[in-house]
Amino acid sequence: MSTASFESLHWSRRFLDETPGDQEVGGRPRQVPKVCWSRVAPAPAPHPTLRLWSLEMGQALGLEAGHEDILSGSDRVKGMDSYAQRYGGHQFGHWAGQLGDGRAITLGEVKTDRGILELQLKGAGATPYSRTADGKAVLRSSIREFLCSEAMHHLGVPTTRALSLVTTGEAVVRDVLYNGHPAPEPGAVVCRVAPSFLRFGSFQIHAATGDRETLATLVKHTVKHHFPDHQVKDDDGRIAWLERIAEDTAVMIAHWNRVGFVHGVMNTDNMSIHGLTIDYGPYGWLEDYNPNWTPNTTDASRRRYRYGQQAHIGAWNIARLLESIGPLMEDPERLHEVLDSYYAAYEKHNISMWAGKLGLDEFNESDAPLLEDLIALLQKVETDMTIFFRLLSSIQEPKVEHLQPAFYDVSQCPEDEWNGWLMRWWQRVDGEPKRDAMRLANPKYVLRNWMAQLAIEAAENDDYSVAEDLYELLKQPYGEQPEFEDEWFKRRPEWAKNKVGCSMLSCSS
Ligand code: AMP
Ligand code: MG
């Protein structure tokens, strides 16, 4: 594809043309009833500098690295018609009313060979949905979003993508631990890309305000463009469409389980209608296999969004989406079918995910005790999830000594129990686990919390080499890449155990 400029992209305005919008352009934070969006211009950045660029997303759009003026929100071109989306959501289990894009501004939709993609700037200034906040984003959270969304893509986990990270040259003040110590940090803008940024909350807001007409219009628009195999003329069609969303969500969460990803803030406004991982905030990766772990300090006491509860929260969130479609149903009782289908889909995908991780031909009911005992053993002493499964993929005999690097304190390892379990597994697979499948289910490299933190600390000193190295490394998470083993295929270092940004993250971003 020849190199395009932003002017020559094929801009489209499907969402703006087909759904109702705010009469006012920009304006102060306020309630904006009966609309799906508000037109808003990004704020110019004093000194935009391109820092990270996704070659693959650039190629998808036909763009070469550069364009910092546009990607920071400082400049616009013909064809762009920028807006912030209005949505609501349940935050930590409670209805929060209108939320919306408080610090995300969509530049527009672009026709590409891969279909239409929405380009959105995160951190380019305030919108009518900013409430009391500034609409800006800091470098650390922007690096985390850029690296993690691209890493997730290469892991095969459904996700929104990132095109670029630009620093703005402006200081943004944040109180990282919400403890009365605000400090200036470098500001940044990520341009992220997805078929759309519609969320469960995009539908909830209209149902919650009794605006059936806008709800119906948004559903029609969504299905027409994003679910072309579906129609929603009757309850059968609506149920089939919702079952598709339920299955996509279940698939995404089974993938999270597989790679040890904890989203951290599974509020309904952070649930993509496409089943994509969206809104990278205080997410984290399991180091030791602890289903109770959450990286989000804001959720530390209740642990609502802990690793082991993500599938249940997925169901809870689907139930909220279903309630919001209720007003369009002739027989709302039928929505229960969708919830049942979510559980069935999750069960199916999660089980086949485990079959892959364990190298089984298929997962039979009789395999359940093997899996349950594995999950219990993994928690007995501190055991690194990623290293454990990666080494399991290549052991030649069922002996725990080959898995030693996974244990934080080898002297504590319950050797006999492990050897017993390994022997059962070995017999189950006849000494021939499906190694190729295992190596594709068990990544060698993931964006461990301390790895992202090292990239951030270097970048805050103007050194983007660590971020670049990690970006390259994580393009092949299933590759051996022996040259990177010593540095990145290892357990969490001691310094990272209780460090802010590694084991603890707040929503401050
Ligand atoms: P999140 O939990 O990050 O997905 O954000 C929840 C809500 O807060 C969304 O409506 C965001 O747009 C909004 N928000 C988060 N950070 C900011 C910010 N710095 N400025 C304005 N709005 C924000
Ligand atoms: Mg959000």
Side-chain angles (χ1 to χ4, degrees), residues 51-57 122 138-163 165 188 190 192 252 255-265 276-290 293-296 305 307 310 384-390 440-460 463-481 484-493 495-497 499-505 509:
R51 304 294 189 172
L52 296 170
W53 175 262
S54 163
L55 207 57
E56 208 183 289
M57 281 322 295
K122 187 166 171 180
V138 293
L139 180 58
R140 66 183 150 78
S141 64
S142 305
I143 286 191
R144 283 169 53 82
E145 170 133 15
F146 183 97
L147 287 181
C148 198
S149 58
E150 288 303 283
M152 291 284 264
H153 167 74
H154 293 288
L155 281 163
V157 184
T159 179
T160 62
R161 302 289 303 271
L163 170 67
L165 185 154
V190 167
R192 55 184 189 173
M252 171 186 77
H255 276 293
W256 292 356
N257 293 347
R258 175 172 68 79
V259 300
F261 177 80
V262 188
H263 182 284
V265 202
L276 302 174
T277 313
I278 191 175
D279 280 13
Y280 289 86
Y283 68 81
W285 296 79
L286 289 192
E287 307 262 1
D288 58 309
Y289 189 86
N290 175 5
W293 186 71
T294 175
N296 185 357
Y305 297 139
Y307 173 77
Q310 297 187 115
D384 187 275
M385 176 185 181
T386 305
I387 297 177
F388 177 89
F389 284 103
R390 187 67 187 187
L440 288 176
N442 298 314
K444 183 166 179 177
Y445 302 102
V446 296
L447 184 63
R448 292 168 184 271
N449 315 311
W450 54 271
M451 292 164 67
Q453 186 62 22
L454 288 175
I456 290 164
E457 284 172 15
E460 286 175 344
D463 171 7
Y464 287 81
S465 64
V466 185
E468 289 284 6
D469 285 354
L470 289 181
Y471 178 40
E472 289 306 316
L473 172 78
L474 296 168
K475 281 181 184 167
Q476 292 180 59
Y478 303 103
E480 288 300 333
Q481 306 193 68
F484 292 119
E485 240 170 48
D486 290 348
E487 209 175 351
W488 303 122
F489 184 59
K490 62 181 188 191
R491 297 184 303 270
R492 176 196 60 227
W495 62 261
K497 194 164 181 184
K499 188 178 163 80
V500 175
C502 296
S503 62
M504 291 177 281
L505 287 144
S509 54

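In this chain, residues are counted from 1 in sequence order. The figures here come from the full heavy-atom set of this structure, side chains too, leaving out hydrogens, waters and symmetry mates.
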message: Would S465 and D463 count as a side chain to side chain donor-acceptor pair (under 3.5 Å) here? Give the steps.
response: CA-CA 6 Å; S465 64; D463 171 7; 2.6 Å; yes
Worked verdict on V157 versus T159 for side chain to side chain contact (heavy atoms under 4.5 Å, CB included): CA-CA 6 Å; V157 184; T159 179; 5.6 Å; no
message: Evaluate Y283 against L447 for side chain to side chain contact (heavy atoms under 4.5 Å, CB included), listing each step before the verdict.
response: CA-CA 11 Å; Y283 68 81; L447 184 63; 3.5 Å; yes
query: Would Y280 and T160 count as a side chain to side chain donor-acceptor pair (under 3.5 Å) if you check the C-alpha gap in whole Å, the side-chain angles of each, and the deciding distance to 0.1 Å?
result: CA-CA 10 Å; Y280 289 86; T160 62; 5.2 Å; no
message: Could you walk me through whether K122 and F146 satisfy the side chain to side chain contact (heavy atoms under 4.5 Å, CB included) test, starting with their C-alpha distance in whole Å, then the side-chain angles of each, then the deciding distance to 0.1 Å, before giving a yes or no?
response: CA-CA 11 Å; K122 187 166 171 180; F146 183 97; over 6 Å; no
task: Dump the intermediate steps for side chain to side chain contact (heavy atoms under 4.5 Å, CB included) on E287 and W293, then the final yes or no.
output: CA-CA 10 Å; E287 307 262 1; W293 186 71; over 6 Å; no
field: Working for salt bridge (Lys or Arg N to Asp or Glu O under 4.0 Å), residues R161 and E56
entry: CA-CA 10 Å; R161 302 289 303 271; E56 208 183 289; 3.4 Å; yes
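Checking side-chain atoms of N449 against main-chain N and O of G501 turns up no donor-acceptor pair under 3.5 Å. No donor-acceptor distance shorter than 3.5 angstrom exists from the side chain of E150 to the backbone of S54, with no hydrogens or angles considered. At distances below 3.5 Å, not a single donor-acceptor pair connects side-chain atoms of Y478 with backbone N or O atoms of A441. Between the side chain of Q310 and the backbone N or O of F261, at least one donor-acceptor pair lies under 3.5 Å.
Listed here is the closest heavy atom pair of L147 and A467: CD2-O, 3.6 Å. Closest of all the heavy-atom pairs between W488 and L454 is CZ3-CD1, 4.0 Å. Annotation for P443 and L155: closest pair CB-CD2, 3.5 Å, computed over non-hydrogen atoms. Taking all atoms of both residues into account, the shortest heavy-atom contact from M451 to L473 is CE-CD2, 3.9 Å. The heavy-atom pair separating D288 from R492 by the smallest distance is OD1-NH1, 3.9 Å. Taking every heavy atom of both residues into account, L474 and H154 meet most closely at O-CB, 3.4 Å.
Residues H263 and W256 form a side-chain contact, since some pair of their non-hydrogen atoms from C-beta on lies under 4.5 Å apart. Taking the side chain as every heavy atom from C-beta outward, L286 and V262 approach each other to under 4.5 Å. Between R390 and I387 there is no side-chain heavy-atom pair separated by less than 4.5 Å. Contact check for H255 versus T277: no side-chain heavy atoms found under the 4.5 Å cut-off. Taking 4.5 Å as the limit, every side-chain heavy atom of F388 sits out of range of all side-chain heavy atoms of Y289. Residues V190 and L52 fail the side-chain proximity criterion, which asks for heavy atoms closer than 4.5 Å. Between Q453 and K499 the shortest side-chain heavy-atom distance falls below 4.5 Å. Counting heavy atoms from C-beta outward, P477 and V446 have side chains that stay 4.5 Å or more apart.
Residue E487 holds its CD atom at 10.0 Å from OH of Y445, rounded to the nearest 0.5 Å. Remark: R140 CZ to S509 OG distance equals 7.0 Å, nearest 0.5 Å. Of the inter-residue distances, the one linking R258 atom CZ with L440 atom CG reads 8.5 Å to the nearest 0.5 angstrom. Here the CZ-OG distance, from R51 to S142, works out to 12.0 Å after rounding to the nearest 0.5 Å. Here the CD atom belonging to E480 is positioned 6.5 Å from the CD atom belonging to E485, to the nearest 0.5 angstrom. Taking CZ of R448 as the reference point, atom CE of M385 lies at 10.5 Å (rounded to 0.5 Å).
For D279 and R192, the salt-bridge test passes: some basic side-chain N is under 4.0 Å from an acidic carboxylate O.
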